[in-house]
Amino acid sequence: MDARTVLDKVVALPIATWNYKTQDPAIRHLGPMAQDFHAAFGVGDSDKTITTVDADGVALAAIQGLNQKVETAVKDKDARIAELERRLAALERVLKASTQ
């Protein structure tokens, strides 16, 4: 299980509002269709329902994938900032030397 892959699948998963046929139409629920969830993740014993353990597991894996993505982005930005600070310091040294 690759957390980034799970995250990508969650991002692509259609989310809709719906209601159970046995409930008043005014009662709405929010989430993916069971068929889409099963097709994306292949968990559970049916494409007719989503068990809470599967939804929770997918959510936790997606959170881990998002954390990995954020950590990578922060690391890349920190490296870029350090490089820009190095270049700025060099330019400031040249500017200071040329004005003396």
Side-chain angles (χ1 to χ4, degrees):
M1 190 278 321
D2 176 56
R4 292 287 292 269
T5 300
V6 173
L7 174 62
D8 292 341
K9 289 180 180 184
V10 168
V11 168
L13 192 63
I15 304 295
T17 61
W18 49 273
N19 70 301
Y20 290 110
K21 293 176 184 178
T22 58
Q23 289 182 323
D24 184 297
I27 299 172
R28 305 298 294 169
H29 301 280
L30 175 69
M33 297 297 121
Q35 293 83 359
D36 294 332
F37 189 88
H38 192 268
F41 303 108
V43 294
D45 60 357
S46 168
D47 69 348
K48 304 289 186 240
T49 61
I50 302 171
T51 63
T52 57
V53 70
D54 291 328
D56 292 348
V58 166
L60 291 170
I63 290 167
Q64 290 178 346
L66 182 58
N67 183 65
Q68 291 170 6
K69 189 173 183 177
V70 168
E71 284 181 351
T72 298
V74 168
K75 183 178 176 182
D76 292 347
K77 286 187 188 277
D78 285 349
R80 178 77 174 132
I81 289 168
E83 172 62 14
L84 290 171
E85 287 175 338
R86 184 195 63 73
R87 290 174 57 193
L88 176 60
L91 287 171
E92 287 173 336
R93 283 191 300 276
V94 169
L95 181 61
K96 185 176 180 181
S98 69
T99 59
Q100 291 181 353

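- Val53 and Val58 fall into different hydrophobic clusters, where Ile, Leu, Val, Met, Phe, Trp and Tyr are joined by side-chain heavy atoms under 4.5 Å apart, directly or via other members.
- Under the 4.5 Å side-chain heavy-atom criterion for grouping Ile, Leu, Val, Met, Phe, Trp and Tyr, Phe41 is connected to Met1 within one hydrophobic cluster.
- Hydrophobic clustering places Val43 together with Ile50 (ILVMFWY residues linked when any side-chain heavy atoms are closer than 4.5 Å, directly or through intermediates).
- Between His38 and Lys48 the shortest side-chain heavy-atom distance does not fall below 4.5 Å.
- The line from CD of Glu71 to CG of Asn67 is 4.0 Å long, rounded to the nearest 0.5 Å.
- Using a 4.0 Å cut-off between charged side-chain N and carboxylate O, Glu83 and Arg86 make a salt bridge.
- Met33 contributes atom CE, which lies 7.0 Å from atom CH2 of Trp18 (distance to the nearest 0.5 angstrom).
- Smallest separation of non-hydrogen atoms from Ala61 and Ala3: O-CB, 3.4 Å.
- What you find for Thr99 and Lys96 is that their closest heavy atoms are OG1-O, 3.1 Å.
- Interatomic distance, CG of Asn19 versus CG of Leu30, reported as 13.0 Å (0.5 Å rounding).
- At a cut-off of 3.5 Å, with distance as the only test, no side-chain donor of Thr5 or Asp8 sits close to an acceptor on the other residue.
- The environment of Asp78 atom CG is dense: over 12 non-hydrogen atoms of other residues, nucleotides or ligands sit within 6.0 angstrom.
- Side chains of Val70 and Leu66 form a contact here, defined as non-hydrogen atoms less than 4.5 Å apart.
- The CD1 atom of Ile81 sits 11.0 Å away from the CG atom of Asp76 when rounded to the nearest 0.5 Å.
- Counting only heavy atoms from C-beta outward, the side chains of Thr17 and His29 never approach each other to under 4.5 Å.
- For the side-chain contact (heavy atoms from CB on, under 4.5 Å) with Arg4, the lone residue among Lys69, Gln64, Lys9 that qualifies is Lys69.
- The OG atom of Ser46 sits 8.0 Å away from atom CD of Gln35, with the distance rounded to the nearest 0.5 Å.
- Scanning all heavy atoms of the two residues, the minimum distance from Ala62 to Val10 falls at CB-CG2, 3.9 Å.
- Follow the hydrophobic side-chain contacts under 4.5 Å out from Leu13 and you reach Val6 in the same cluster.
- Two residues are said to be in side-chain contact when any heavy atoms from C-beta on lie closer than 4.5 Å; Asp47 and Phe37 fail this criterion.
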